[in-house]
Every structure is written in C-alpha cells, then in structure tokens.
Amino acid sequence: MSDAPKATHPRSGHHLGHSWWREILEVAALFLAVGVAHLLATLLGHTDPGPVVLVGLGGALIVGSALHRRLRSGTPVKARRTRPPLPPPPAGGQSTMTLWRIRMRVVERPGRLAQVAGAFGRLGCNILTLHIAPTGSSAITPAGCDALDEFVVEAPTQLTPGRLHAALSEAGGLDLLIVPAQVKDLIDPGIQGLLLAQRVHDDPSQLPHAMAELLRVSEVEWRRPGETVDEEAELNSTMVVSVHPERALLLRRPGLPFTPAEAARAAALASAARGARYCGT
C-alpha cells in the first residue's frame with residue numbers, strides 16, 4: 001500500500017471539529033453526572049471534595065469548548081480557506097488569433113513534415129487542416145516537387161507573415177506561399193464537392209456559383225471556344241473548365257495558383273452539370 005496521504009474532502013475539517021466538540025460535551029456531561037451523584041451522596045452525610053472538583057471540571061470544559069467554538073466561528077474566511085482561489089480569467093476575454101493558408105513544397109523524406117509541424121508549434125500556431133497534393137510536377141511550380149502541402153493554421157495575431165515564412169523555410173519548406181484564410185477554408189473539400197455536385201445536378205444554372213465556392217475564387221466568367229485568355233496572368237492563376245462544347249468557365253485566383261487536385265475537382269463538378277439543359281448565359 002502507498003504511504004502517500006489521502007486527499008480529504010474540503011468539508012472534512014469541519015466534520016472533525018464538529019466531532020471533537022461533541023466528544024468534549026459528552027465528557028463534560030459525564031463529569032457533571034458523576035459530580036451530581038457525589039453531591040447527592042455528600043448531602044446524605046458524606047464529606048468528600050470530589051463532587052465539587054468534578055462539577056468544576058465539567059463546567060470548565062463546557063465554558064472552554066464554548067469559547068473555542070466562538071473564536072473559531074469568528075475567524076476570517078480567508079484564514080480558513082483550504083484550497084487556493086482560481087486564477088482570474090485573462091484580460092480581454094479571449095486571445096485573438098489569425099487564420100493563414102500556407103502552401104509549400106516539402107521534400108518526401110522521413111521526418112521532414114515533423115520539422116515543419118515543430119516550427120508551427122514553436123511559433124504558437126495550431127494546424128487546423130492539412131492537404132497533400134498526390135503528385136508534384138512543374139505544373140504546380142517551375143522546379144517541380146516531391147509533395148505539395150497546404151495548411152490552414154491558427155496563429156497569434158502578432159505573428160507576422162515574414163517571421164512565419166522565415167521559420168518554415170528554415171524547417172525545410174520550399175516555394176512558400178502565405179495568404180489570409182477564412183473559416184470556410186476549413187471545410188473538407190471532398191464533402192463540399194459532393195454537396196455542390198448535388199446542387200448543380202438539380203439546378204445546372206448554379207454551376208458558376210458552386211465553382212466559385214469550391215475553389216475559393218471571386219472571378220468566374222463564361223467563355224466560348226477560341227476566346228483568348230490573358231497570357232500575362234500569373235502562372236497557374238487562371239483555369240479554364242470545359243462544361244460542354246459551346247461553353248467553358250474561366251476562373252481567376254491571383255496570388256494562389258491552382259493545383260492539379262483542384263483542377264480535378266473542378267472537372268468533376270462540371271460533369272455534374274454536363275448533359276443537363278443549361279439555362280445560363
């Protein structure tokens with residue numbers, strides 16, 4: 001058996017004090033009873049100082065116990081507190097955080113992703129989502145890559161993108177891209193794609209809005225075959241999604257290039273509307 005002291009209930013001290021008080025009263029009552037008995041015997045003709053002594057002891061115990069209890073009840077609450085007070089809540093209620101969407105190339109080597117996660121932890125960031133591109137090629141970045149990891153992290157407000165970029169680069173991240181994120185970026189793209197596919201299947205005219213929601217883009221335009229696309233645009237910042245032979249959607253997302261995985265999701269969403277009678281212009 002362990003010799004460690006057992007935890008006591010906060011009210012156990014009060015219970016012990018109450019039991020001690022009762023025991024004293026019982027002893028005092030015993031002294032008084034014996035004293036009264038001897039006093040009666042003395043009144044019958046016996047001379048013995050014992051009754052006086054016993055009665056005095058009993059009375060003294062009662063008076064002493066009453067004084068002790070009175071003094072105990074008058075002790076300030078702070079002096080009798082058995083557990084420390086809870087710490088006050090942090091000033092300002094909740095700590096403010098910022099969402100960042102971070103994309104980087106990470107070499108496929110054991111422990112490399114752990115180094116990146118450790119860098120996030122040292123900066124006080126919380127990884128909320130992680131998506132890994134199934135393949136890497138020059139279609140994503142000019143130099144190609146082994147894996148393309150995209151994070152959505154919750155970071156302290158005072159953490160600057162420059163400091164975040166430097167820490168992740170030191171941890172092995174390449175071709176870093178850091179942009180502000182939104183709460184809707186936390187939605188799983190697979191589940192979202194299924195819901196949006198059902199929507200456009202029921203109403204094909206919702207395809208442009210669904211495509212913008214799926215890929216987090218603000219610019220969606222209809223294009224006809226043969227129409228030119230801005231050739232000066234940033235690499236992979238535009239994407240053309242074929243809907244049917246006479247219509248295509250042009251998507252623009254400056255600052256965050258499209259990935260092959262996103263292109264596959266867009267094609268799957270467009271196929272949900274293909275073959276249905278399309279009412280859009």
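Values below: every heavy atom of this structure, side chains too, minus hydrogens, waters and symmetry copies.
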Would a distance-only check, ignoring hydrogens and angles, find a side-chain to backbone donor-acceptor pair under 3.5 Å from Arg103 to Pro257?
yes
Say whether, by atom type as modelled, one donor and one acceptor occur between the side chain of Arg199 and the main chain of Asp203 under 3.5 angstrom.
no
Taking atom [atom1] of [X] and atom [atom2] of [Y], what is their separation to the nearest 0.5 Å?
X      : Y      : atom1 : atom2 : result
Leu168 : Arg163 : CG    : CZ    : 11.5 Å
Arg101 : Ile178 : CZ    : CD1   : 13.5 Å
His131 : Thr259 : NE2   : OG1   : 10.5 Å
Thr129 : Glu154 : OG1   : CD    : 11.5 Å
Ser237 : Glu219 : OG    : CD    : 9.5 Å
Ser218 : Arg252 : OG    : CZ    : 10.0 Å

Under the side chain to side chain contact (heavy atoms under 4.5 Å, CB included) rule, collect the residues that match up with Ala266, sequence neighbours excluded.
Met211, Leu215, Met239, Val241
Any residue meeting side chain to side chain contact (heavy atoms under 4.5 Å, CB included) with Ile127, in chain and number order, not counting sequence neighbours:
Ala117, Phe120, Phe151, Val153
Just so I know, are the side chains of [X] and [Y] near enough to count as touching, which here means a heavy-atom distance under 4.5 Å?
X      : Y      : value
Leu130 : Glu150 : no
Val107 : Leu174 : yes
Val220 : Leu250 : no
Pro156 : Thr96  : no
Trp222 : Pro208 : yes
Leu176 : Ser169 : yes
Trp100 : Val179 : no
Leu99  : Pro180 : no

Between Leu113 and Asp149, is a side-chain contact (heavy atoms from CB on, under 4.5 Å) present by the stated rule, with each step listed?
CA-CA 9 Å; Leu113 187 58; Asp149 296 346; 3.5 Å; yes
Looking at Arg216 and Glu262, is there a salt bridge between them, counting it only when a charged N and a carboxylate O are closer than 4.0 Å?
no
Basic-acidic side-chain contact under 4.0 Å: Arg224, Glu246:
no
Should [X] and [Y] be regarded as members of a common hydrophobic cluster, given that ILVMFWY residues are connected when their side-chain heavy atoms come within less than 4.5 Å of each other, either directly or indirectly?
X      : Y      : value
Ile102 : Ile132 : yes
Met104 : Val152 : no
Leu128 : Leu164 : no
Leu214 : Ile187 : no

Would you sort out whether Leu249 and Val243 count as a side-chain contact (heavy atoms from CB on, under 4.5 Å), showing the intermediate values?
CA-CA 7 Å; Leu249 284 176; Val243 179; 4.1 Å; yes
Compare every heavy atom of [Y] with every heavy atom of [X], then report the nearest pair and how far apart it is.
X      : Y      : value
Ala210 : Leu196 : O-CD1, 3.5 Å
Gly124 : Met97  : O-CE, 4.1 Å
Val240 : Ala248 : CG1-CB, 3.9 Å
Arg112 : Ala171 : CD-O, 3.7 Å
Val200 : Ala272 : CG2-CB, 3.5 Å

Start with the C-alpha gap between Asp188 and Gln192, add the side-chain angles, then the distance that decides, and say whether side chain to side chain donor-acceptor pair (under 3.5 Å) holds.
CA-CA 6 Å; Asp188 181 81; Gln192 186 184 31; over 6 Å; no
So Leu195 and Gln198, side-chain contact (heavy atoms from CB on, under 4.5 Å) or not? Walk me through it.
CA-CA 5 Å; Leu195 296 175; Gln198 182 63 45; 5.9 Å; no
